[in-house]
Protein chains: 2
Amino acid sequence: MSVRTQPGPRERLLEAAHQLIYSQGVNVGVDALLKAANVARRSLYEHFGGKDGLIVEVLRSAAAADDADYRRTMDAAGDNPRERLLAVFDRLGEITATPGFHGCRYLAADLALTDPDHPAHEITRDYRRHVHDLLERELVTLGHPRPERGADQLLLLIDGTLAAGATRPGTDPAAAARELAECVIAP
Amino acid sequence: MSVRTQPGPRERLLEAAHQLIYSQGVNVGVDALLKAANVARRSLYEHFGGKDGLIVEVLRSAAAADDADYRRTMDAAGDNPRERLLAVFDRLGEITATPGFHGCRYLAADLALTDPDHPAHEITRDYRRHVHDLLERELVTLGHPRPERGADQLLLLIDGTLAAGATRPGTDPAAAARELAECVIAP
DNA sequence: ATATGTATAGACCGATCGATCTATCTACAT
DNA sequence: ATGTAGATAGATCGATCGGTCTATACATAT
């Protein structure tokens, strides 16, 4: 009967990479990742095959967490699709105001990994399509005339909010986007 | 009386870096830049002091060119502020559809240069404020009730368009943003 | 003709990159 | 007790990084 003293090297590495890759970018060195996770060099290659594999798993788990965050946010807003969608932008207001926030990790990864064949792009693409569908579903139940286009617009507002939150802090981009989101919801 | 055969090393380096840094990111190697520009290693340090100095000058000249592009686009649309602002999004439609487009170079630079003291950030910040003022001026002459907030929203739409153009090609984000820009212009 | 500017070519520096390797240690199952 | 799997520590690899250096070529101004 042993006490679970600390997570295994795989979990430690994932968590450390989650934070370090966000704060330092995907070009952060392997040494820095290993040191932050307090993990042996070999464990990285055993569990993830290499740095690229680690990057992919970090994005995959981050996407799962962010998806859960979207659902939690919308569910907490009740059943009204309008309120559920607007709640997303209130949540974005919290996220962009969080200390250490500096933009969308998926966009940062896409822009930094210039090789179009890097497997990370598939993760980010799937994640965006997933969020798009999440938004579109709400618009459908709202009776929106063009739910797919509407979801495009909401996703564009989300990306714009995260970009502005990173590059023009203090301008409350989430509130600005929320106003425009109302135009999307009630066209 | 000699024929101007080719620009000097400074101009060649700026032009090559303009293209290579956009396509490969700011982490592109110095060797690649020198080879693309066909310039001696020493010339880089003579003219720009180092790679960081080159990055800054590339962003500065790109900002000047993009500023001119905004003005040209708006002037070509006539005197009506509404038409002048909407023309920006039509232009974004062209830009995002251009082969080789993969996002906003200024946002990419900000996300890739994780050192907050890097001089490049000052260039991008000034450029955004400049574009913001450009948009705000049109809203003022339009009699917009909150021109500053409106310009925030238009800038957010621009950033969202460039992000979506890079990450979700084929969704015509410029047209989606143009619809929302109409909400901003006629609130 | 000569001196000066600026350019090129390329060796060279220490540091760091991602990745592979050996060797050792430990926890656990048999 | 022993074997096995997984973990750690760290040496080492070739490649590349940004930056400095020497040596040479060439244009122009004096």
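A salt bridge links B:Glu57 with B:Arg60; the closest basic N to acidic carboxylate O contact falls under 4.0 Å.
Applying the side-chain hydrogen bond (donor to acceptor under 3.5 Å, both in side chains) test to A:Asp52 and every residue at least two apart in sequence or in another chain returns A:His118.
Atom-to-atom, NZ of A:Lys51 to C1' of C:dT16 comes out at 12 Å; the value is rounded to the nearest Å. Atom CG in B:Leu34 sits about 15 Å away from atom P in C:dA11, given to the nearest Å. Put simply, CD on A:Glu11 is 13 Å from C1' on D:dA7, counting in whole angstrom units. Between the C1' atom of C:dG10 and the OH atom of B:Tyr45 lies a distance of 14 Å, rounded to the nearest Å. One atom, CG of B:Asp31, and another, C1' of C:dC17, lie 14 Å apart when rounded to the nearest Å. Counting to the nearest Å, the C1' atom of D:dT16 and the CG atom of B:Asn27 are 13 Å from each other. Separating the CG atom of A:Leu44 from the C1' atom of D:dT8 is a distance of 14 Å, rounded to the nearest angstrom. Per the geometry, CG belonging to B:Leu20 stands 12 Å off P belonging to D:dG18, to the nearest Å.
Rounding to the nearest 0.5 Å gives a distance of 7.5 Å between CG of B:Leu162 and CD1 of B:Ile158. Going from atom CZ of A:Arg91 over to atom CG of A:Asp69 covers 4.0 Å, rounded to the nearest 0.5 Å. To the nearest 0.5 Å, atoms NE2 (B:His132) and CG (B:Asp152) are separated by 4.0 Å.
Here C:dG5 sits opposite no nucleotide as a Watson-Crick or G-U wobble pair (both hydrogen-bonding atom distances under 3.5 Å). Nucleotide D:dC26: unpaired (no Watson-Crick or G-U wobble partner with both distances less than 3.5 Å).
As a member of the Ile/Leu/Val/Met/Phe/Trp/Tyr network built from side-chain separations under 4.5 Å, A:Leu111 groups with A:Leu107, B:Leu107, B:Leu111.
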Can you name the atoms? Protein N/O to nucleotides 5-9 of chain C N/O, anything below 3.5 Å, with the distance.
{"from": "C:dA7", "atom 1": "OP1", "to": "B:His47", "atom 2": "NE2", "distance (Å)": "3.3"}
{"from": "C:dA7", "atom 1": "OP2", "to": "B:His47", "atom 2": "NE2", "distance (Å)": "3.2"}
{"from": "C:dT8", "atom 1": "OP1", "to": "B:Arg12", "atom 2": "NH2", "distance (Å)": "3.1"}
{"from": "C:dT8", "atom 1": "OP2", "to": "B:Ala40", "atom 2": "N", "distance (Å)": "3.1"}
{"from": "C:dT8", "atom 1": "OP2", "to": "B:Ser43", "atom 2": "OG", "distance (Å)": "2.6"}

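A donor and an acceptor atom, one from each side chain of B:Thr124 and B:Asp110, are located under 3.5 Å apart.
Here C:dG5 is in the syn range [glycosidic angle within 90° of 0].
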